[in-house]
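See structure below.
Chain identifiers are assigned alphabetically (A, B, ...) following the order of the sequence lines, protein sequences preceding nucleic acid strands; residue numbering begins at 1 within each chain.
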Amino acid sequence: MKSIITLSAALLLLASCNRKMTPGSDGKDASSTLTLSFENYAGDKTVSMNGENYTNASGETFSVTLLQYFISNISLKKTDGTIITLPQDSSYFLVKESLPASKQITLHVPKGNYTAVTFMLGIDSLRNTKPLSERTGILDPAGGAEGMYWGWNSGYIFFKMEGHSTAIPDNKAGTKKFRYHIGLFGGMNSPTVNNIKNITLDLKEKQVAKTGAGKNPVIRVHTNILQMFTGTENISIAKNPVVMVSPFSKHIADNYASMFSLAAVDNK
Amino acid sequence: MKKTQFFPRSLVFGILLFASLLLAGGFTWKEEWFLQPANFPAPVYNSKANPVTDAGFKLGKKLFYDPILSADYTISCGSCHIQAAAFSHHGHDLSHGIHDLLGTRNAPGLQNLAWYSRYMWDGGITNLDLQPIAPITNPVEMGDTLSAVIRKLNADPQYPGLFEKAFGTNRISTDLVMKALSQFMICLVSADSKYDKVMRKEGVVFTADETAGYQVYRQNCASCHPEPLFTNQQFRSTGLPVLEEGDEGRYLVSLDSSERFTFRVPSLRNLKFTFPYMHDGRFYTIDEVLDHYATGISHTTRPDPSFILPDGSPGIRFSPDQRKTLKAFLLTLNDTAFVKNPLYDEAGSQLYIK
């Protein structure tokens, strides 16, 4: 009996030291909701796929025909410093410009006040190496992740943007198309490029998100695709119209790490 | 109480063997189809997570030989992996896909896959269950999408029932398609060559030439092609001069410039059946390969140090006698029973369940 009490005390102590909670798995701790809303922008213009032109830092004009990226491994910080980590299995989302519903990610979280949100752009290396039985739904290479998975070099594509730019010399087909397929999780047997990026947004810059009965605060995140072309290094579409599995992809990833910003927190 | 034996064991075994041969078309799965040969290490593939069953093996075999996995129903896995050629693409230098499209690499033989930890010439895939995705979705191989394949299989009159038998569900998923294919593929065990029988002391011995050749092999080849798989699964450049397409090999996956022009070391098993050789099938005979090692190695593709002679010139040179005996030894790695095993036979693979 004594040992049980000691053990329980030790566990409690461990739990409180750790100050981490995982909601949702038993349903009890996920009593409220909160929405992450991703809004794709090119500078101050919203991204459209109707041929609208934007200009990057290199002065190149381009339009977008496809834009999608994985958001995963979401965690939230409470005002008391507690970190709430969403159950990983239900923490993978593919934000597609072509699918408005995919840009609204509603999370089930414990009731509370939240001061920061952290997420990953991409798919963690561990999940990239899991058996297919643990990659269903949005992670199924034949389902949600179709077109976001490299079969020949097993791994997910994290960020995919395609479009046209008059800056590109004509290709064989006479089109001026650019294709950015950025992935790479660091390698399975030997290390390679790692383009996974973690992003933290400080909600206090706007206001604390308050969840609770009858409430659903919306954290509005702006994704500025122009940032993909600048920051650590200017990316010229004319010089690099196709970037996929290459060392150069690192520059794009270093840039896109800073394309997210907090637009507003709407406490609804 | 002492057990009474009505028949000698060998007789029972003989009857069983005869019965199984009779039933070659309608065989029943037996555990010994995927066993660790006595001269092999433990397999790498985790078959506990995907235990081979009779229904799973048959389903995997049917899928392996079914062109339903390609965009226009013309190419199956078995199109480029032919049993008579030890599951390589008999005589083809480059793989040949839908619409007569050619790939850039040679379709390698399939054998002992459960003992491998990396697949493809560049090792871009490290799990057998993920491997078939590459040829299915490669536009110059089977040229399909995975979602289309899953849709076609679900709409097929036979497959949902076969998945039900194999996995207890008729909902066909990526996971289960790959598991079925793996169940068939891990059973492609080639361990019955003369070499294997000698090593297992099954009453067979090497000739004098083979014995001498075995020593030549051990001194010159075994560091990259170690027994019993005859590959160390590492990436090496054999100093092949770059052809027009300039395949950078492992570099395309690892992005490590020191691995430019390296490819996974292929096994030396079943060479009789798996020609042509090298990642692009440029050599049709073993002599051409040995000639390349002797005098053809190019510095431009940074050959592995094992190909550099003490005087700094590249090459592995054998005397005529060494070459003769080495070739005699290599012949002992051919497994005729493997290429003729009715268990893997394409004939009847689509017919086994009505």
Side-chain angles (χ1 to χ4, degrees), chain A residues 89 94 96 123 125-157 160 172-173 179 181-196 242-254, chain B residues 46 49-50 103-105 117-139 141-142 144-154 167 171-179 181-182 233-235 248 250-259 262 264:
Chain A
D89 281 346
L94 180 58
K96 290 178 157 183
I123 304 289
S125 53
L126 189 61
R127 188 66 60 156
N128 266 284
T129 61
K130 289 242 180 189
L132 281 168
S133 56
E134 293 175 51
R135 303 196 214 175
T136 51
I138 204 71
L139 295 176
D140 182 353
E146 183 144 64
M148 294 297 276
Y149 182 81
W150 285 311
W152 61 275
N153 182 15
S154 305
Y156 291 95
I157 297 169
K160 193 169 187 176
K172 279 184 203 157
R179 296 171 177 86
H181 300 180
I182 312 300
L184 299 177
F185 61 88
M188 181 72 183
N189 294 121
S190 54
T192 182
V193 174
N194 186 333
N195 287 326
I196 295 171
V242 178
V243 182
M244 296 182 186
V245 178
S246 72
F248 189 81
S249 65
K250 180 184 176 301
H251 301 303
I252 291 184
D254 288 345
Chain B
N46 180 12
N50 183 26
T104 56
R105 294 178 184 163
S117 53
R118 35 183 67 162
Y119 302 91
M120 317 300 272
W121 282 104
D122 55 24
I125 301 167
T126 56
N127 177 345
L128 186 61
D129 293 345
L130 299 177
Q131 197 285 334
I133 299 174
I136 289 171
T137 58
N138 189 324
E141 294 184 37
M142 295 156 102
D144 214 335
T145 64
L146 275 182
S147 60
V149 165
I150 302 292
R151 216 167 28 244
K152 286 188 283 183
L153 293 174
N154 273 306
F167 298 108
R171 280 193 58 193
I172 300 173
S173 64
T174 320
D175 178 39
L176 297 183
V177 172
M178 299 302 147
K179 280 186 168 147
L181 281 166
S182 287
Q233 301 185 54
Q234 300 296 309
F235 304 95
E248 294 179 300
R250 172 69 178 169
Y251 170 76
L252 300 173
V253 165
S254 72
L255 305 178
D256 176 348
S257 57
S258 73
E259 293 191 304
T262 66
R264 194 189 61 172

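- Neither the backbone nor the side chain of B:Arg151 comes within contact range of chain A; no heavy atom of the residue lies under 4.5 Å from a heavy atom of that chain.
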Test B:Leu130 against A:Tyr149 for side-chain contact (heavy atoms from CB on, under 4.5 Å), laying out the working first. CA-CA 11 Å; B:Leu130 299 177; A:Tyr149 182 81; 3.9 Å; yes
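- In this structure, OG on A:Ser246 lies 11.0 Å from CG on B:Leu252, to the nearest 0.5 angstrom.
- Looking at B:Tyr119, there are no atoms closer than 4.5 Å to chain A (heavy atoms on both sides), in backbone or side chain.
- Scanning all heavy atoms of the two residues, the minimum distance from A:Asn194 to A:Phe185 falls at ND2-O, 3.5 Å.
- For A:Asn195 and A:Ser249, the side-chain atoms include at least one donor-acceptor pair closer than 3.5 Å.
- A:Ile182 CD1 to A:Phe248 CZ: the interatomic distance, rounded to the nearest 0.5 Å, is 9.0 Å.
- Of all the heavy atoms in A:Gly144 and A:Leu94, the pair that sits closest is O-CD2, 3.5 Å.
- Comparing B:Ile133, B:Asp129, B:Asp122 by how many heavy-atom pairs each has under 4.5 Å with chain A, the most go to B:Ile133.
- Most heavy-atom pairs under 4.5 Å with chain B: of the set A:Pro191, A:Ala142, A:Gly147, this distinction falls to A:Ala142.
- Between the side chains of B:Asp256 and B:Ser258, at least one donor N or O lies within less than 3.5 Å of an accepting N or O.
- When the heavy atoms of residues 130-140 of chain A are compared with those of chain B, the residues falling under 4.5 Å are A:Leu132, A:Ser133, A:Arg135, A:Asp140, listed by number.
- Heavy-atom distances place the side chain of B:Ile150, and not its backbone, under 4.5 Å from chain A.
- For the residue pair B:Leu255 and A:Val193, the shortest heavy atom distance occurs at CD1-CG2, 3.7 Å.
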